[in-house]
Amino acid sequence: MMQIGLRSWLIGFVFVTIMLGMLPLSYYALKTISSSLEFGTQPQIEESLTFAIQKSTGDETEKHASALKTYRQRKALKPFIKREIIRLCLISVTAVALLSIILTIIFVNKITKPLRLLTKATDSIHKGFLEHKIPEQGTSEVRTLIRSFNDMSADLKKTQAELLRAERMQTWQQVARTVAHEIKNPLTPIKLSTERLFDKYINQSPDFDKVIKSATQVILSEIGKMEKLVDAFHRYARLPKPNLAPASLNPLLEEVMTLYESQLQEGTLTTRFAEGLPLVSADQDQLKQVFINLIKNALESIPSEKGQIHVATTFEGQSVVTEVSDNGSGIKSENISRIFQPYFTTKSQGNGLGLALADRIITEHGGQISVQSSEGQGATFYIKLPALQ
Amino acid sequence: MEFIIGLFLAAKSLALLTGIFMTGSKEGAVLISKPNLYIKNNQIMFSCETQNVINKDLREFILSGTPVKIEYEIFLIQYGRENQEESRQVIAIEYTVEYDLVKQNFRLFKNQDCILQDKSYEKIDGSLSQPKDIALINQALIESDKYYVLSVKIALGKIKIEGLKNKEIDLISFWNYHKPYLETQPFLGQAILSVK
């Protein structure tokens, strides 16, 4: 069913009220005019005056002729007077209707504008952008509501920052545990291989040569694994400072998407890029890495049949927002708060650093990344970057 | 009645703005046709035919004894090479139709001269619908190799109405705010001079 907004209701209501008020007024005016225009409809007056002219002489004739002239002038002009008055009424009604519509729209806009701003701000907060502040306007009640809303969003931001700090602490503890565990894993075979080697050497075992070969292979393989682990961590921990320059997001996204075009069925990847999008200050290589990570994750999540990935850009407030959404398996609610943590992954093949890296890059660009998802319903990632003035 | 007159005058002042939207029908509109130039006594004379100049409503108004003025404006424009206007001859003629309430007869004036007086309205109408012998320009001033355009405008004048407390109204409302206008295609001066 079509939903009618408060604005439309108010406009309709005020307009109908004004028009209903106009109807009896117009009816009364027309009735008054009709009765006033009775003049000139009595032929006996005309006949009498004509007769009087014929029978009188001198000044009397002039007098009667003048009276007949007046009578006939009014009689002749009557249809025009009537038509012109109807014309005036129609113009007045049209003018009043137009004016009432314009005034109603202005008046209703004044009332509903703060409400629309509140709705937009609520939506923004829902998407995770907590810095949204609404300028105080409207009636005193609405101003109070806006003030409360701004206080609430400021509190939320503060709480979120505290939570983030606590989470970061917890994350680093978790990372330290994970790294320790990952390093400890290859240490055991290294230790066992070294002990075995030592044992064979002490006992001058005849298969020492064979054992040294296999033990060395094991040790080198485990050291290789440790190197990979350390490299990945190093990349994450020592991400270079972004080399910022004015960049346009739409062409950058198009460039990233061409990398995936050959792998996807037609219609899987759709876009809706806002025209005239402002530039952002960005390290194009790092942003490309973020978009690649998001599209790669979406690709791994969508079903092989009827999979959909949608990439869109919009301009909201002072920020450029990029949305990457998919209709894949989505994220379990208990995992949403952890997906940007390093080494957190739900995939068997992942190293858990992709989204963590994306989060770091966007944060270092002065932006925010957030996600909206529920299990089985797909996921939407929002990247908000400050627009250049 | 004062209120009604006030309303009427208010509406009338808006009429020029709204006339276009409110007067869609052209039925009964005043028409000009058959514009003609001819030579008489070395003068280029003009004649034409008109329809509905005095319509039913205007006739009723004339019967009130109010003199009604009908203004004809005739333009003969001479064009040189590259369509540049070189000269413009403008002739304005005023016909006045008057009904004498005492003598019960009609009179038709051309400028100040009474050219017709009759009890019957039909003769007046016939004369008004075929204006002729309107002197435009001396024959010697016409250049045979130049192009000319002839245009005609008819208008009704403004008048003070005693029956409306001497308020001035524009009689053009009787023509539904249409001002009849006719313009010919360009023709050579030779074409005028060759007509007898």
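Proteins get letters first, then strands, A, B, ... in listed order; numbering begins at 1 in each. The shown structure was predicted, so the numbers you read here are calculated from the model rather than taken from an experiment.
- The pair A:Glu316-A:Lys384 does not count as a salt bridge, with every side-chain nitrogen at least 4.0 angstrom from each carboxylate oxygen.
- Side-chain atoms of A:Tyr382 and A:Gln372 form a donor-acceptor pair, as typed in the model, at a separation below 3.5 Å.
- Among the residues in residues 115-138 of chain B, none has a non-hydrogen atom closer than 4.5 angstrom to a non-hydrogen atom of chain A.
- Looking at B:Tyr181 and B:Glu183, their side chains do bring a donor and an acceptor atom within 3.5 Å of each other.
- Checking A:Thr61 against A:Ser56 by side-chain atom types alone, a donor-acceptor pair falls below 3.5 Å.
- The pair B:Lys34-B:Glu49 meets the salt-bridge criterion, with a side-chain N (NZ, NE, NH1 or NH2) lying under 4.0 Å from an Asp/Glu carboxylate O.
- A donor-acceptor pair under 3.5 Å is formed between the side chain of A:Ser48 and the backbone N or O of A:Gln44.
- Judged purely by atom type and a 3.5 angstrom limit, B:Tyr38 has no side-chain atom pairing as donor or acceptor with the backbone of B:Ser47.
- Note that CG of A:Leu145 and CG of A:Leu115 are 7.5 Å apart. Values are rounded to the nearest 0.5 Å.
- More than 12 heavy-atom neighbours from other residues, nucleotides or ligands sit within 6.0 angstrom of OH on B:Tyr79.
- Under the 3.5 Å distance criterion, the side-chain polar atoms of A:Thr313 are matched with a main-chain donor or acceptor of A:Ala274.
- Contacts between residues 60-70 of chain B and chain A, counted as heavy-atom pairs separated by less than 4.5 Å, involve B:Glu60, B:Phe61, B:Leu63, B:Ser64, B:Gly65, B:Thr66.
- For the pair B:Asn55 (side chain) and B:Phe174 (backbone), a donor-acceptor distance under 3.5 Å is present.
- Taking 4.5 Å as the heavy-atom cut-off, the residues of residues 83-105 of chain B that approach chain A are B:Tyr99, B:Leu101, B:Val102, B:Gln104, ordered by number.
- Partners of A:Ala312 according to the side chain to side chain contact (heavy atoms under 4.5 Å, CB included) rule, which considers only residues two or more places apart in sequence or in another chain, are A:Arg272, A:His310, A:Glu323.
- Each of B:Leu58, B:Ile161, B:Asp57 has some count of heavy-atom pairs under 4.5 Å with chain A, and the biggest count is that of B:Ile161.
- For A:Thr50, the part lying near chain B is the side chain, with the backbone staying farther off; criterion is any non-hydrogen pair under 4.5 Å.
- In A:Asp59, the CG atom is not crowded: 12 or fewer heavy atoms of neighbouring residues, nucleotides or ligands sit closer than 6.0 Å.
- The side chain to side chain contact (heavy atoms under 4.5 Å, CB included) with A:Phe149 is formed by just one residue from the set A:Thr144, A:Ile134, A:Leu117; it is A:Ile134.
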